[in-house]
Each structure stands twice: as structure tokens, then as C-alpha cells.
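The structure appears right after this line, and notes come after that.
All values derive from a computational prediction rather than experimental measurement.
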Amino acid sequence: MKLSKYPVIRHSLAAAALLITAPLLCPSTVLAQASKAKTIPATAMEVNTYGVMSIATFCEARAQKIDFNKSLAVALAGQLHVIYGKHGGMLPGSTKPLPEKQFLNNAGFMIVGGALKFCPKSVPAAEKARFEKAAASLKPAKK
């Protein structure tokens with residue numbers, strides 16, 4: 001079997017080789033992640049980065065014709081794992097971890113809002129209306 005005829009297999013093998021050798025190439029990074037050092041709250045820039053990555057994940061999943069709820073769940077999972085795995089659920093200015101349910105509600109709201117800006121056709125009309133109603137309820141009443 002000649003690998004040059006199968007670029008996907010060749011790229012997959014190269015990626016697998018990099019993943020397997022990564023701990024050998026950067027052992028200090030691997031050890032730092034494995035240590036149980038004091039968790040540091042995420043910075044505002046990190047939270048923004050994770051949010052943008054989640055929106056991009058959601059938009060791509062929807063472009064791949066994945067169901068709205070499944071796409072949102074996958075996008076949320078990525079953000080949840082990094083916030084709770086790397087930062088212990090601590091957000092900027094917090095002294096204790098944010099409850100996961102509250103995080104999921106807030107992050108889901110932000111992902112849908114971002115998707116309405118970056119990939120609006122990926123958000124069903126009913127979900128858009130639900131988002132707009134919730135967003136309107138958050139605005140302070142004009143006097």
C-alpha cells in the first residue's frame with residue numbers, strides 16, 4: 001500500500017505520531033498540566049477566547065448539518081471542560097467556582113448570541129426569538 005495515494009491516511013499517521021511524541025518533546029508542559037497546583041481564575045481574555053472558539057465550533061457543527069441542540073451541547077462541552085479543568089470554574093473576579101448549571105446557561109446564551117452575529121442562518125427562527133426575548137428582559141427599563 002503506497003501512502004502517497006492516501007493523503008488522509010498519511011496525515012492521520014503524522015498527527016498520531018505527533019500526539020504520541022508530544023510528551024517527549026515538551027515534558028515540562030505535560031507535567032505542569034498534571035500537577036495539582038492552585039487553580040487560577042480565567043482572565044477576561046481567556047474567557048473571550050474560549051467563547052469565540054465555542055461559537056466557531058457551534059457554527060461549524062451547524063454547517064455540517066448537526067442538530068441545533070447537539071451543536072450547542074458540543075460547543076458548550078469544549079468551553080466547560082477548559083473553564084472547569086484548567087481554571088476550576090473560576091472566572092475573572094470570582095472567589096469561588098461558578099456552579100456548572102449557571103455557567104452552562106450563561107455560556108449557552110452567549111454562544112447563541114455570537115452565532116446570530118457570525119452564522120445567523122445556523123440559528124432556527126424559534127431559537128432566535130427565544131434569545132431575543134431573553135436579551136430584551138436583561139436590558140434595564142427606560143425611565
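- More than 12 heavy atoms of other residues, nucleotides or ligands shown are found within 6.0 angstrom of CE on Met90.
- Taking Glu60 as the reference, Gln64 meet the side chain to side chain donor-acceptor pair (under 3.5 Å) condition, with sequence neighbours excluded.
- Between Phe58 and Phe68, the angle of the ring planes goes over 60°, which puts this pair in the perpendicular group of the 30/60° scheme.
- Interatomic distance, Ile111 CD1 to Met53 CE, rounded to the nearest 0.5 Å: 11.5 Å.
- We find the NE2-NZ distance between His81 and Lys86 to be 15.5 Å, quoted to the nearest 0.5 Å.
- Within the 4.5 Å cutoff, side-chain heavy atoms of Tyr84 are placed close to those of Leu98.
- The two residues Ser71 and Arg62 come nearest to each other via the heavy atoms OG-CD, 3.4 Å.
- Taking CG of Asn105 as the reference point, atom CE of Met110 lies at 13.5 Å (rounded to 0.5 Å).
- For Phe109, the ring-ring contact (aromatic ring centres under 6.0 Å, His included) partners at least two apart in sequence or on another chain are Phe131.
- The heavy-atom pair separating Ser54 from Ala75 by the smallest distance is OG-O, 3.1 Å.
- Pairing each heavy atom of Ile55 with each of Ala115, the nearest pair is CG2-N, 3.9 Å.
- Atom CG of Leu91 and atom OG1 of Thr43 lie 10.5 Å apart (nearest 0.5 Å).
- Between Pro41 and Ser94 the shortest heavy-atom distance is CG-O, 4.3 Å.
- Note on Val112 and Ile66: separate hydrophobic clusters, where clusters join Ile, Leu, Val, Met, Phe, Trp and Tyr whose side-chain heavy atoms are under 4.5 Å apart, directly or indirectly.
- Here the shortest heavy-atom pairing between Lys128 and Leu116 reads CG-CD2, 3.8 Å.
- A donor-acceptor pair shorter than 3.5 Å can be found between the side chains of His87 and Tyr50.
- Side-chain atoms of Pro92 and Met45, non-hydrogen and from C-beta on, never get closer than 4.5 Å to each other.
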